[in-house]
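Structure record follows, encoded as structure tokens.
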Protein chains: 4
Amino acid sequence: MDSTTASTRQRRKEARPAELAAAALALFVEKGFAATRLDNVAARAGVSKGTLYLYFDSKEALFRAVIEESVLPLIEASEARVVANLDDPARLLRALLVEWWECFGATPLGGTCKLMISEGGNFPEVAAYFNEQVIGRWSALLRQVIEAGIARGVFRPGSPEALRQMVFHPLLMQSVLQHSMFAGPPGRPLPEQYFDTYFDFILRGLGAADTQEPR
Amino acid sequence: MDSTTASTRQRRKEARPAELAAAALALFVEKGFAATRLDNVAARAGVSKGTLYLYFDSKEALFRAVIEESVLPLIEASEARVVANLDDPARLLRALLVEWWECFGATPLGGTCKLMISEGGNFPEVAAYFNEQVIGRWSALLRQVIEAGIARGVFRPGSPEALRQMVFHPLLMQSVLQHSMFAGPPGRPLPEQYFDTYFDFILRGLGAADTQEPR
Amino acid sequence: MDSTTASTRQRRKEARPAELAAAALALFVEKGFAATRLDNVAARAGVSKGTLYLYFDSKEALFRAVIEESVLPLIEASEARVVANLDDPARLLRALLVEWWECFGATPLGGTCKLMISEGGNFPEVAAYFNEQVIGRWSALLRQVIEAGIARGVFRPGSPEALRQMVFHPLLMQSVLQHSMFAGPPGRPLPEQYFDTYFDFILRGLGAADTQEPR
Amino acid sequence: MDSTTASTRQRRKEARPAELAAAALALFVEKGFAATRLDNVAARAGVSKGTLYLYFDSKEALFRAVIEESVLPLIEASEARVVANLDDPARLLRALLVEWWECFGATPLGGTCKLMISEGGNFPEVAAYFNEQVIGRWSALLRQVIEAGIARGVFRPGSPEALRQMVFHPLLMQSVLQHSMFAGPPGRPLPEQYFDTYFDFILRGLGAADTQEPR
DNA sequence: CATGAATGAGAGTTCATTCAT
DNA sequence: AATGAATGAACTCTCATTCAT
């Protein structure tokens, strides 16, 4: 019963839902919800099809779980970081975006963005949840940083929401594309110079004072 | 039987494939390929399900046709415009992007991008075709303009491909999002100020000398 | 469109639901609802499995249709007969019961009684419908005849409902048993003397004046 | 480990099969064989699903056991009573039927009859066994009493088998209906007057001389 | 040309049965 | 002896595809 006597069976049982959700995420991202066969999900997780139903009530419940479990950890860490570093918005912005890319956008979790773009229309409540808990909170963070930058005169004035899109969408589109069509060899890193060009571009775009400093 | 009805029929007959493809595009974009029912496509086009098979061999053939018919017109017009106006890259860039948005991104055709992001992995040949004929040619155009700007000293030096992404992806993401999840009322226009902020941002990002000129 | 041009296809289409319901009734009665396979229903009706779904939304809908279509005709004919012949209750009772047996109890329709006994608990709304529209109306008819007989002094006094059960349940049980367990060769008629013994018994049981007359 | 707990365990162990069979009987009667889930049987008996397989080889073996254990006790007692009391057939008949109702028909065991009506067709050997060991012996008893009555001139002449059905089927149908569709509050007793009307009716039906004696 | 009734392979889901613990 | 996680065959239901009309 206690942790020391946990059997192999027990350990598997506790790990199962996460394993199954990971397998499902990969296939949902690759093929879409409707085109993903539960046989394939089960096979990828190394279990039989029936086992899926021990942990999830239906294919749709699996989808919801995949989204819900994929999204929360990063946001909270980032929110904590923001409140502590608003005095150097340019550096903070760069740190947030790099972290987003490395911990989310470039990982399998990043597939959730492609997945919600593809399937959101078929699952309005899941889309609403994702919008509130993930997109909304993350967007608010970025707007906060941009507003701080404008307030401090580091960035030029402008609509924080529009500027947020200019800043974030190139990186988001990178993530979406890497989980789509031309994924190439999976895990292929961005070209070396990408982040240099990216940050130079968005800081110039924001009218940041010191865009000339080399990296 | 008489000439009048014959010509009416004739017109219908010739228009049919395009009507069917338009109905299919709308539903493929809204629901995805696998979740779209041919019954619904037929109903939206006002024909019976069997009629679809008079014009398309299979659901997949319909998908290919949808993609193939959606993409060519704009590119050729844009290509012609580019060769004629390379001497003012900033103005040309703005004109191209506005045109792309108004003639493609904001129209039902813009759904094609969302569709290829969602379904490209399931249709590699279609994705390859789309990549070559649309993405490749359009990207080449934009790179050409950016390179011209750099060569003329209007834009700062940098990787043309990376810069193309910074310039184009915010707009592309707008189009994708409008055809996805949170489409809101369909056809909702972008906020007035969006293009002002957008062009100001990307021209600053490109290091363009005169970013203050009004649109 | 009109009846003369009705095609083979058309004629089949109109007859299909009844054919399918008849096949389903036979198998539901024989095996029960849960143990009946839709494959078998389709095969017995000479169609494919998918065809069932052109006419019935689900297995349960098929069950409802089977019950609802099996029950109404007899009742109405019997109700009409009753109001016209209440002045000779003994003869009327005999006529009603013979008719019930020949037009319902001994036919495939009689299986509905066995079916509702077996499955009523799993389909409360269907059972309620059957109870109101069939059992209730038929029981009311019999009670009416018995009450008329008591009022005229032809039958001895007693609870009409209890007497109805004594009168009807032997015949009902015959029908149920013939559609159950020991059906023997289907359509096996009752032994010659059964009805003689039956009517003699129930008329004596009702205290009818002239139970001594031989048939 | 000590003798006290060992004996408790022992008692549980020996009682288990009967507890499991009782749980199964209740659910088989309520829902039918195919619609009864072994999970539910196990839950109702307070054990896990796997435990069922320690005592019964399969769901069908459980069904056989349920039937076989439900039937024998009453018959033997009744058979003994019959041989000792054939000299007063009317009184004996009444006693047998009251006993059948109180010890079988009105108890959970009475559900066996409904169950065999519902499922007999799917289990021919079980049905044959039930037919021989229960129905056959019980019917023979009743016929014996009826024949004795006829021989003594207490009942009018007639086919003993047909008369047996007239006599027994109203009571049997009561039992079947109480375990079916409209069971109402379970265990609801028959109306007070039911047995009065019932015995009056069948003794009149049998042409018994003295049907006026109160119960 | 156009229809829509019919098909049947293939999907999601259930549940009797097994077996490592 | 008892458990319950795991299995996979078998079910209901769907829908792209066909073809007689």
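Below, chains carry the letters A, B, ... as their sequence lines are ordered, and counting in each starts from 1.
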To the nearest angstrom, the CG-P distance between D/L27 and E/dC15 comes to 13 Å
Within the structure, does a side-chain N or O atom of A/R16 lie under 4.0 Å from either OP1 or OP2 of F/dA6? yes
Which residues pass the side chain to side chain contact (heavy atoms under 4.5 Å, CB included) test with D/Y53, not counting sequence neighbours? D/L38
Nucleotide E/dG10, atom P - distance to CG of A/N40 in whole Å: 13 Å
Taking salt bridge (Lys or Arg N to Asp or Glu O under 4.0 Å) as the definition, give me every residue that meets it alongside C/E60, ordered by chain and number, with sequence neighbours left out. C/R64
Strictly by salt bridge (Lys or Arg N to Asp or Glu O under 4.0 Å), give each pair with a member in residues 110-120 of chain D just once, sequence neighbours left out. none
Identify whether any heavy atom of C/F56 sits under 4.0 Å from a base atom; if not, whether one sits that close to sugar-phosphate; answer base, sugar-phosphate or nothing. nothing
Letter per nucleotide, 5' to 3', of nucleotides 9-15 of chain F [B base touched, S only sugar-phosphate touched, - untouched; heavy atoms, 4.0 Å]: -BSBBBS
Within this structure, what is the CG-to-P distance between D/L52 and F/dA1, rounded to whole angstrom? 14 Å
Intra- and inter-strand pairing of DNA chain F, written as dot-bracket with Watson-Crick and G-U pairs under 3.5 Å and | for the latter, reads .||||||||||||||||||||
Residues two or more places apart in sequence or in another chain: which of them pass side-chain hydrogen bond (donor to acceptor under 3.5 Å, both in side chains) with C/S58? none
Whether C/T51 contacts E/dA6 is assessed here as follows: a side-chain N or O lying under 4.0 Å from the phosphate OP1 or OP2. Is that the case? no
Pairs where residues 22-44 of chain D contributes a residue and the test salt bridge (Lys or Arg N to Asp or Glu O under 4.0 Å) is met, not counting sequence neighbours: D/D39-D/K49
Counterpart residues, side chain to side chain contact (heavy atoms under 4.5 Å, CB included), relative to C/A21 (two or more places apart): C/V66, C/E69
So if I apply the side-chain contact (heavy atoms from CB on, under 4.5 Å) rule between A/L20 and each of A/L25, A/V41, A/L52, which one comes out positive? A/L52
Could you pull out all residues at least two apart from D/F63 that satisfy ring-ring contact (aromatic ring centres under 6.0 Å, His included)? D/F28, D/F33, D/F123
